[in-house]
Amino acid sequence: MPGDTGHGAIRGRTPGPEVVPVTPERERRELDAAIRRVVQRNACIGCGLCTQLDTSLRLELDADGFLRPHRSDAPGVVAPDARRQFERSCPGCRVDAARPRGSRRHATMGSSFGVWEAWASDEVVRRRGSSGGALTALHGWLLEQGRASAIAGASVGREPRRTVPVTILSKEDALAAAGSRYAPVGVLADPALASCDAITGKPCEISAIRLLGSTPRSDGAAHSGDAGGPLLLSFFCAGTPSQRATDELLARLGFGADEAVDDLWYRGHGWPGRFTVRADGRDGSLSYEESWGEVLGRATNWRCKVCADGVGESADVVAADFWRIDDRGYPVFTEGPGSSALIARTRRGLEAVLAAQAAGAIVLRPITMSALANVQPLQRNRRTTLFGRLMGSRLAGVPGPRYRGFRLWALALRHPRQNLRAARGTRARLRRATAPTTGSAP
Ligand SMILES: Cc1cc2nc3c(=O)[nH]c(=O)nc-3n(C[C@H](O)[C@H](O)[C@H](O)COP(=O)(O)OP(=O)(O)OC[C@H]3O[C@@H](n4cnc5c(N)ncnc54)[C@H](O)[C@@H]3O)c2cc1C
């Protein structure tokens with residue numbers, strides 16, 4: 001058609017039905033129904049994203065010890081289009097693999113612009129950190145340089161048995177938040193999230209905030225995953241253990257359910273460090289193998305068992321343990337000076353890591369993605385057999401989230417027998433479980 005700019009067809013369209021604005025009550029009803037669908041599939045991870053879309057939602061522990069959203073009586077604001085935003089960014093609905101232009105891609109470890117062994121130059125930070133204290137060193141450096149004025153993270157709660165979202169405002173706060181917390185916490189439930197210019201969270205939390213992109217939030221603020229948004233930091237994640245697992249560890253150490261606890265940490269103060277409880281002048285502790293290996297690692301959320309993204313593909317920078325391995329390829333957990341791996345997943349992440357090194361905040365030693373994959377058997381195997389697990393889960397009537405760009409089918413084609421076994425095992429386990437779905441929704 002001469003002179004057609006391509007827009008003419010739209011301009012010339014017969015007017016459609018009048019658009020009726022959705023009332024907050026209806027938006028809320030639709031959001032609640034969408035959340036319920038995720039919770040009923042047992043795909044809720046308790047990240048807190050939905051509490052940003054509707055400020056009257058709160059995360060609360062359910063009977064199984066996992067955080068789930070609940071509607072409180074407090075008045076709150078619901079974002080226009082909250083249901084749609086939820087469905088496109090909730091990690092129980094969808095997770096995308098990020099492939100920034102110019103990055104290199106590893107089938108199980110994801111995309112990168114650079115990968116290193118890394119640790120904090122400051123010995124105190126290195127010792128307090130979960131592995132090499134690299135994330136804590138980056139936090140301190142970002143704040144010191146004025147690149148960030150507030151960083152969202154997680155730390156020990158006022159009641160030390162619990163883990164809470166925190167806003168890190170100083171190097172001291174960063175040190176206080178160092179170390180992995182193997183317990184439920186929703187970093188995105190932090191009411192101060194909108195004022196944070198960096199966010200450190202689990203891969204699912206970082207995926208959610210990246211996908212939420214620049215869509216408006218309930219308070220009108222915006223979180224954009226692009227260069228203008230907060231710097232997104234993450235770590236490899238094998239899954240969030242139930243709060244009940246922490247209770248079990250306390251019981252093993254002889255601490256009563258109602259006994260006051262002064263401090264509790266899971267990792268750090270060494271590498272990998274010991275699960276340690278301090279109460280009334282006495283310490284009790286368990287090795288990483290006893291705490292993670294025997295209790296915490298066996299009590300993870302179902303959604304985590306079918307996670308395609310334990311390696312934090314949506315982050316700008318990701319940290320992991322750079323384990324030493326034995327002859328059979330298994331990580332060795334003897335105590336030693338902490339060592340993290342750092343991956344720059346975006347150009348912005350690359351710039352930040354190299355600038356932190358130049359400023360003397362972290363020490364870097366280049367490694368390859370294959371070297372990292374070698375010392376991360378859990379992440380490598382989980383992704384390799386995930387296609388099978390997801391199929392098994394679907395056959396048992398519990399479909400997992402939608403994963404895009406992970407090429408799980410290509411890994412399955414390369415490892416057909418393992419995937420078949422995973423599919424059968426998952427289907428059988430889910431069918432045996434009387435109620436794979438637990439928890440209530442708003
Ligand atoms: C649940 C969980 C599972 C993990 N699984 C693996 C794994 O399979 N493989 C692996 O290599 N590493 C895993 N890690 C990460 C690992 O324990 C280290 O965090 C990582 O090596 C970075 O160490 P670091 O010393 O640089 O971090 P640190 O300097 O100790 O900083 C850690 C930061 O993470 C934040 N944080 C701690 N716990 C949480 C939490 N639960 N939710 C959100 N933010 C938190 C804190 O705000 C802190 O600032 C896991 C961590 C967690 C919390």
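Residue numbers run from 1 in the order of the sequence given. Note that the structure is a prediction, hence the values are computed from the model and not measured. First listed ligand is number 1; within each ligand, the first listed atom is number 1.
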Using a strict cut-off of less than 4.0 Å between a Lys/Arg side-chain nitrogen and an Asp/Glu carboxylate oxygen, indicate whether E294 and R298 qualify as a salt bridge. no
Taking atom 52 (C) of ligand 1 as the reference point, the nearest protein heavy atom with its distance: Y182 CE2, 3.4 Å
For T167 and D190, does a side-chain donor sit closer than 3.5 Å to a side-chain acceptor? yes
One finds that the ligand 1 atoms under 4.0 Å from a non-hydrogen atom of R181 are 37 (C), 38 (N), 40 (C), 41 (N), 53 (C)
Give yes or no for whether the N/O distance cutoff of 3.5 Å, strictly under, is met between G201 and ligand 1. no
Pairing of R324 and E117 as salt bridge, 4.0 angstrom limit: yes
If we only consider heavy atoms of C237, is any one of them less than 4.0 Å away from an atom in ligand 1? yes
Backbone or side-chain N or O of Q379 under 3.5 Å from ligand 1 N or O: yes
For L59 and C47, the nearest pair of non-hydrogen atoms, with its separation, is CD1-C, 4.2 Å
Does any N/O atom on V185 come nearer than 3.5 Å to any N/O atom on ligand 1? no
Would you kindly check if the NZ (Lys) or CZ (Arg) of R347 is within the cone defined by 45 degrees around the ring axis of F113 and under 6.0 Å from the six-membered ring centre? no
Carboxylate-amine/guanidinium contact D262 R278, below 4.0 Å: no
Provide the number and element of each atom of ligand 1 under 4.0 Å from a heavy atom of A177. 46 (C), 47 (O), 48 (C), 49 (O)
In ligand 1, which numbered atoms sit nearer than 4.0 Å to a non-hydrogen atom of G153? 47 (O)
Side chain or backbone, does A320 bring an N or O within less than 3.5 Å of an N or O on ligand 1? yes
Heavy-atom pairs closer than 4.0 Å: do any link ligand 1 to the side chain of R128, the backbone, both, or neither? neither
Does a sphere of radius 6.0 Å around CZ in R147 hold more than 12 heavy atoms from other residues, nucleotides or ligands, not counting ones at 6.0 Å or beyond? yes
Check ligand 1 against Q376 and write out every atom of the ligand that is under 4.0 Å from a heavy-atom position of the residue. 9 (N), 10 (C), 11 (O)
When you check the side-chain N and O atoms of S111 and R105, is any donor under 3.5 Å from an acceptor? yes
With heavy-atom distances below 4.0 Å as the criterion, list the atoms of ligand 1 near R267. 17 (O)
The atoms of ligand 1 lying under 4.0 Å from a heavy atom of H139, numbered in the order shown, are 49 (O)
Could you identify the single nearest non-hydrogen protein atom to atom 23 (O) of ligand 1 and state the distance to 0.1 Å? S131 OG, 2.8 Å
A quick test of your reading: do over 12 heavy atoms of other residues, nucleotides or ligands sit less than 6.0 Å from CG of D326? yes
Show which atoms of ligand 1 fall inside a sub-4.0 Å distance from at least one heavy-atom site of A134. 24 (P), 25 (O), 26 (O)
How are the rings of W271 and W323 set to each other: parallel, tilted or perpendicular (split at 30° and 60°)? parallel
I want to confirm something. Looking only at heavy atoms, which of S234, A178, P184, A154 is nearest to atom 39 (C) of ligand 1? A154
Below 3.5 angstrom, do we get any N/O pair linking W323 and ligand 1? no
If you compare G239, S180, S130 by their heavy atoms, the one closest to atom 1 (C) of ligand 1 turns out to be G239
Quick check: does E205 get an N/O under 3.5 Å from an N/O on ligand 1? no
Is ligand 1 less than 4.0 angstrom away from at least one heavy atom of G133? yes
With the threshold set at under 4.0 angstrom, would you say R126 reaches ligand 1 through any of its heavy atoms? no
Name the orientation class of the two ring planes belonging to Y182 and Y288 (parallel below 30°, tilted from 30 to 60°, perpendicular beyond 60°). tilted
Of all heavy-atom pairs linking L390 and Y403, the shortest is CD1-CD1, 3.7 Å
Heteroatom distance test (T240, ligand 1): nitrogen or oxygen, under 3.5 angstrom: no
Starting from atom 42 (N) of ligand 1, what is the nearest protein heavy atom, named by residue and atom, and what distance separates them? K202 NZ, 2.8 Å
Using a strict 4.0 Å threshold on nitrogen-to-oxygen distance, state whether R267 and D321 make a salt bridge. yes
Do S285 and T276 have side-chain atoms, one donor and one acceptor, less than 3.5 Å apart? no
Side chain, backbone, both or neither: F235 near ligand 1, heavy atoms under 4.0 Å: side chain
If you scan protein heavy atoms around atom 14 (N) of ligand 1, the nearest is F236 O, 2.8 Å
Looking at E290 and R252, is there a salt bridge between them, counting it only when a charged N and a carboxylate O are closer than 4.0 Å? no
Pick one of side chain, backbone, both or neither for how T136 approaches ligand 1, counting any non-hydrogen atom pair under 4.0 Å. both
Please identify which atoms of ligand 1 are closer than 4.0 Å to at least one heavy atom of G132. 25 (O)
